[in-house]
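Here is the structure we will look at, set down as structure tokens.
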There are 2 protein chains.
Amino acid sequence: MEQSKIPQATAKRLPLYYRFLNNLNHQGKARVSSKELSEAVKVDSATIRRDFSYFGALGKKGYGYNVEYLLGFFRKTLDQDEVTEVALIGVGNLGTAFLNYNFTKNNNTKIVMAFDSDPSKSEGNVGGVPIYHIAELEDRIGDVKVAILTIPASEADGITTRLVDCGIEGILNFTPARISVPEHIRVHHIDLAVELQALVYFLKHYPLDEGL
Amino acid sequence: MEQSKIPQATAKRLPLYYRFLNNLNHQGKARVSSKELSEAVKVDSATIRRDFSYFGALGKKGYGYNVEYLLGFFRKTLDQDEVTEVALIGVGNLGTAFLNYNFTKNNNTKIVMAFDSDPSKSEGNVGGVPIYHIAELEDRIGDVKVAILTIPASEADGITTRLVDCGIEGILNFTPARISVPEHIRVHHIDLAVELQALVYFLKHYPLDEGL
DNA sequence: CATAAGTCGTGATTAATTTCACAATAGTAT
DNA sequence: ATACTATTGTGAAATTAATCACGACTTATG
Ligand SMILES: NC(=O)c1ccc[n+]([C@@H]2O[C@H](COP(=O)([O-])OP(=O)(O)OC[C@H]3O[C@@H](n4cnc5c(N)ncnc54)[C@H](O)[C@@H]3O)[C@@H](O)[C@H]2O)c1
Ligand SMILES: NC(=O)c1ccc[n+]([C@@H]2O[C@H](COP(=O)([O-])OP(=O)(O)OC[C@H]3O[C@@H](n4cnc5c(N)ncnc54)[C@H](O)[C@@H]3O)[C@@H](O)[C@H]2O)c1
């Protein structure tokens, strides 16, 4: 918990690096250069070296990085050994998709319960995850600290308040609502409609070259 | 297509502003200040003013912005009057969710067709969108320029090549694969597993305050 | 052992984005 | 009219991120 000096932009790329290193390891590759990594994850090689350097000297000059070592290092850094439990609120179109997927592969997160207000949904399970009625939120949530929000936007504020009262620390919000939370709670918004519109805007208004 | 001087960070926020202005307009509000907007969309008010200023002086000092005027301005800027047609590839968990949703509300994008390799899926429709077999991609796609990719990662490269050959210009990629495309094609990656892992990383490693 | 080729780590630089802070000005009240 | 208040638009500063470019070091090769 010491390296709070790591830039946010770097932190966001770590899971990406980790996943690719994992693939390399499974393929039996022993070494990798920042150049190879760069081509695979589409991040400039200097940026990759800089990112890694925040954690110390992980590679060897003239050689590159040892895949197994680097993977082990990131496993520790990203806490891949302890599983973070997650609750999902709203078992509709999106929620069901997430439950079926459940971020299973090389991931340290697991959706362990879901809630819905529709009584016909709030029983049984989807993808092995038990669904409870939203009225049971406070009773069931236990010490789960992360929630995924896939409810209608109009419900977002009310549910957020309840989650905060339950001691939640992080929310991945898929609703278009920009929710308000106390300062110590982290919210990441993923606004799919905005992403699509932004892509269309870039296509129409930016000269046809260069990525992102 | 002139204002290519608009920062990308600004461009990505435009759809968000547009949506909120639309809400205000429906509520019958006539004026709004950057401070109010800021609270609603969780973007610093100075940033909002700066963003707007790239398009000229849209507000009035001491007063704020006229909602209707601003909305009209952004409608034109964001091409809200012409609908961009989109194709979706891969009618699985995620793809089905998107088809059912179809970005209908105040949006200028519409999924008009979908493709899947599974013969049992590639007939009929989901959410009113016709599903075709992926073999028909080249015949059916017509002049659709934007695609959403919700297929397994292993299929991403092959399908991308075919899309590029069909003249696609933008891809919203939900697979974990970092696809390679010619320079003039724009790809936005939305990597849900990475987003979740990044949130967890921030929770564990960053001091408990301030958002994003 | 000497030389060549490859690659890291990083200081310096550049670019992009956000934020501060305030003069200018429109609206409002008296 | 005048004073007061609110709020913009924007230079300047600060912050954050990306990129360049090269010395130092490792490995491979003859
Ligand atoms: N599906 C998409 O492709 C898509 C795209 C962009 C944004 N979104 C956003 O994601 C969210 C979910 O979308 P969706 O398509 O899955 O919607 P949906 O209507 O299919 O699902 C919402 C689910 O939430 C449940 N629900 C409603 N109120 C609740 C409450 N108070 N507590 C618990 N559960 C409650 C409903 O019963 C339903 O099952 C929405 O905010 C939507 O705007 C969805
Ligand atoms: N579902 C999630 O929550 C989730 C989360 C993170 C990432 N993803 C990624 O999104 C993608 C889709 O996920 P999903 O859960 O919807 O998978 P899925 O397996 O449910 O759906 C994939 C669909 O693609 C179809 N398909 C396979 N090969 C095809 C081809 N060559 N052409 C056309 N269609 C083809 C399959 O028939 C299937 O219907 C995957 O890459 C996955 O890694 C999904």
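Numbers restart at 1 for each chain; the letters A, B, ... are given by sequence-line order, proteins then strands. Side chains are part of it too, since the values below use all heavy atoms of this structure and drop only hydrogens, waters and symmetry mates.
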Legend entry - Value in whole Å for how far the C1' atom of C:dG9 lies from CG of A:Asp51: 13 Å

Inset, instruction - Please identify each residue that fulfils side chain to side chain contact (heavy atoms under 4.5 Å, CB included) with A:Lys110, with sequence neighbours left out. - result: A:Val83, A:Asn102, A:Val112

Inset, instruction - Look at all strands and tell whether B:Ser34 reaches a base, only sugar-phosphate, or nothing, counting heavy atoms closer than 4.0 Å. - result: sugar-phosphate

Inset, instruction - For the residue pair B:Tyr101 and B:Phe103, categorise the inter-ring angle as parallel (less than 30°), tilted (30 to 60°) or perpendicular (more than 60°). - result: perpendicular

Inset, instruction - Using whole Å, report how far NZ of B:Lys5 lies from P of C:dA16. - result: 14 Å

Inset, instruction - Write down the distance between CZ (A:Phe55) and P (C:dC8), rounded to a whole number of angstrom. - result: 17 Å

Legend entry - Contact residues, residues 60-67 of chain A to DNA chain D [heavy atom, < 4.0 Å]: A:Lys60, A:Lys61, A:Gly62, A:Tyr63

Legend entry - A:Ser180: side chain to side chain contact (heavy atoms under 4.5 Å, CB included) partners, not counting sequence neighbours: B:Lys42

Inset, instruction - Round to the nearest Å and state the distance from A:Leu37 atom CG to C:dG9 atom P. - result: 12 Å

Inset, instruction - State which residues pass side chain to side chain contact (heavy atoms under 4.5 Å, CB included) with B:Arg13; sequence neighbours excluded, sorted by chain then number. - result: B:Ala9, B:Thr10, B:Tyr17, B:Val43, B:Thr47, B:Asp51

Inset, instruction - Using heavy atoms to find the nearest nucleotide of DNA chain D for B:Arg31 and B:Ala46 separately, return the residue whose nucleotide is more 5′. - result: B:Arg31

Legend entry - Those residues that, when tested against B:Thr84, pass side-chain hydrogen bond (donor to acceptor under 3.5 Å, both in side chains) (two or more places apart): none

Inset, instruction - Round to a whole Å and report the spacing from NZ of A:Lys35 to P of C:dG6. - result: 9 Å

Hey, can you pull the donor-acceptor pairs under 3.5 Å for the side chains in residues 56-69 of chain A, sequence neighbours left out?
from    : atom 1 : to      : atom 2 : distance (Å)
A:Asn66 : OD1    : A:Glu68 : N      : 3.0
A:Asn66 : OD1    : A:Tyr69 : N      : 2.8

Legend entry - Pairs touching residues 146-181 of chain A that satisfy ring-ring contact (aromatic ring centres under 6.0 Å, His included), sequence neighbours left out: A:Phe98-A:Phe174

Legend entry - Side chain of A:Ser53 - closest among C:dT19, C:dT10, C:dC8: C:dT10

Legend entry - 5' priority, DNA chain D, between B:Arg50 and A:Asp44 [closest heavy atom]: B:Arg50

Inset, instruction - For DNA chain D, note the earliest and the latest nucleotide, 5' to 3', having some atom under 4.0 Å of a heavy atom belonging to chain A. - result: D:dA17 to D:dT27

Inset, instruction - Sort out for me which residue in A:Val144, A:Val126, A:Ile148 forms a side chain to side chain contact (heavy atoms under 4.5 Å, CB included) with A:Ile111. - result: A:Ile148

Inset, instruction - Under the side chain to side chain contact (heavy atoms under 4.5 Å, CB included) rule, collect the residues that match up with A:Asp157, sequence neighbours excluded. - result: A:Ile179

